[in-house]
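Report on the structure given below.
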Number of protein chains: 2
Amino acid sequence: MSLRHALLGMLAEGPYTGWGLLKHFEGSLGYAWPALHSQIYPELARLRETGLIEQVGEGPRGSKTYEATAAGREQVWRWLRETEPDRGTRNDPLLRIFFLWLLDDEDAVAWLEREEAYLTGLLAELDAIVAAEPPPASRRERSFRLALELGRATTRARIEWARAARDDVRGWPAV
Amino acid sequence: MSLRHALLGMLAEGPYTGWGLLKHFEGSLGYAWPALHSQIYPELARLRETGLIEQVGEGPRGSKTYEATAAGREQVWRWLRETEPDRGTRNDPLLRIFFLWLLDDEDAVAWLEREEAYLTGLLAELDAIVAAEPPPASRRERSFRLALELGRATTRARIEWARAARDDVRGWPAV
DNA sequence: TGACTCATGTAAGAAGTTACATGATTCT
DNA sequence: AGAATCATGTAACTTCTTACATGAGTCA
């Protein structure tokens with residue numbers, strides 16, 4: 001359901017090809033909602049069938065350009081205003097922490113250091129995006145920046161946690 | 001795949017009934033990996049068929065008690081040591097932020113305040129769990145506490161973000 | 001006895017992943 | 001000419017959600 005609204009949201013902004021949307025899902029949007037071409041193309045077809053988007057052009061290699069219809073824009077707006085965000089997020093790294101105690105201390109410490117390294121890399125990626133973007137001018141760019149800032153804030157919190165957790169495990173008494 | 005390992009991880013710790021596991025997924029584990037009985041029972045049946053868990057007893061209302069076999073414990077251990085955590089987390093609230101600009105400023109501010117209220121409630125829940133639990137003594141309890149601390153740390157970061165984001169939107173120039 | 005909780009299952013459908021399949025254009 | 005990228009689709013399978021279905025024990 002969220003993929004449908006993400007596509008609709010992008011196409012409410014302006015025209016995109018399926019390929020163009022795919023690239024956005026490989027970049028920024030993918031941090032929030034990963035999607036592959038095998039899911040995107042059929043979903044675009046469904047959205048067109050239901051009249052929420054329409055094809056507004058054709059490009060070089062059989063590419064198709066879509067845009068949201070009035071009904072489609074209405075639908076995104078309703079999604080944002082009238083539906084509760086899905087709070088039931090699946091978080092595999094968090095799940096693993098519940099079972100860290102099944103590893104011996106060395107392996108648990110190594111796991112936490114790996115996690116910290118990954119998160120440090122992720123933060124660097126997000127920082128690079130901020131550095132590369134011009135200061136946000138449009139409302140759309142301001143929203144994008146807010147999303148980016150949320151990613152940076154939670155990633156920083158996770159890095160600090162990983163360091164503290166490693167030190168904590170090092171202090172665990174031997175069994 | 002993660003549900004399978006979560007069940008295996010719980011049953012590596014000691015015996016549980018399907019119902020008992022379900023209660024854990026409704027509580028703490030559910031913050032990391034939500035699962036309903038309609039998914040848990042069939043998965044337990046599959047784990048038993050593949051010899052990763054075994055039934056070790058029967059209770060009052062046709063309840064069945066399971067425990068991980070040696071092969072099952074080996075499997076969780078491998079999952080933790082040898083597989084990369086799935087980083088492709090879906091995050092509906094984050095996705096919506098990319099499209100906040102489609103709302104007018106008042107609605108965007110209201111959305112952010114709702115989000116802050118939800119997160120404040122969540123933090124209170126997590127704080128209550130910490131307050132209710134005795135200081136962690138076993139390795140298992142220490143792991144559990146680490147998971148809880150990660151939840152608290154990211155929730156605090158998101159609350160601060162929501163406040164800053166609200167103030168930011170209030171400063172957006174009129175269109 | 002009636003309501004509630006405990007306890008387990010199945011079935012249909014939606015969403016997501018992996019693999020298969022094809023062809024056009026651009027660049028070297 | 002060959003490789004890389006652009007561009008779209010389908011099919012099989014796994015995972016997850018929603019709904020259906022049943023029965024035992026407990027408590028007021």
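Letters go in sequence order (proteins before strands), and every chain restarts at 1. Values below: every heavy atom of this structure, side chains too, minus hydrogens, waters and symmetry copies. From a predicted model like this one, the values you see are computed outputs, not experimental measurements.
- Residue B:W33 places at least one side-chain N or O under 4.0 Å from the OP1 or OP2 atom of D:dC16.
- Here D:dT14 presents its C1' atom at 15 Å from CG of B:L47, a figure rounded to the nearest Å.
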Under a 4.0 Å heavy-atom criterion, the protein footprint on nucleotides 17-28 of chain C, written with B, S and -, is BBB----BS---

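- The separation between B:E43 atom CD and C:dT8 atom P is 15 Å, rounded to whole Å.
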Verdict with supporting geometry, A:H24 and A:Y16, ring-ring contact (aromatic ring centres under 6.0 Å, His included): CA-CA 10 Å; A:H24 278 280; A:Y16 282 99; 5.2 Å; yes

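- The interatomic distance linking B:D92 (CG) with D:dC16 (C1') rounds to 16 Å, in whole Å.
- Cation-pi check for A:R48 over A:Y66 is not met; the charged atom does not lie both under 6.0 angstrom from the ring centroid and within 45 degrees of its normal.
- Dense packing is recorded around CD of B:E84, with more than 12 heavy atoms of other residues, nucleotides or ligands lying under 6.0 Å away.
- Rounded to a whole Å, the CG atom of B:D86 is 13 Å from the P atom of C:dG16.
- Look at A:Y41 and you'll find a side-chain N or O under 4.0 angstrom from OP1 or OP2 of D:dT8.
- Counting heavy atoms from C-beta outward, B:L11 and B:L44 have side chains that approach closer than 4.5 Å.
- A:R163 pairs with exactly one of A:E115, A:E116, A:E113 by the salt bridge (Lys or Arg N to Asp or Glu O under 4.0 Å) rule, that one being A:E116.
- In this structure, A:E58 places its CD atom 16 Å from C1' of D:dC6, rounding to the nearest Å.
- Rounded to whole Å, the distance from CD1 on A:I40 to P on D:dC6 is 15 Å.
- In this structure, A:W172 and B:P136 have side chains that are not in contact, with every pair of non-hydrogen atoms separated by 4.5 Å or more.
- Comparing B:K64 and A:L3 against DNA chain C, the residue whose closest nucleotide sits nearer the 5' end is B:K64.
- Sorted by first and then second residue, the side-chain hydrogen bond (donor to acceptor under 3.5 Å, both in side chains) pairs involving residues 30-42 of chain B (not counting sequence neighbours) are B:Y31-B:E125.
- Between the P atom of D:dT14 and the NE2 atom of B:H5 lies a distance of 15 Å, rounded to the nearest Å.
- B:R87 has its CZ atom 21 Å from the P atom of C:dG16, to the nearest Å.
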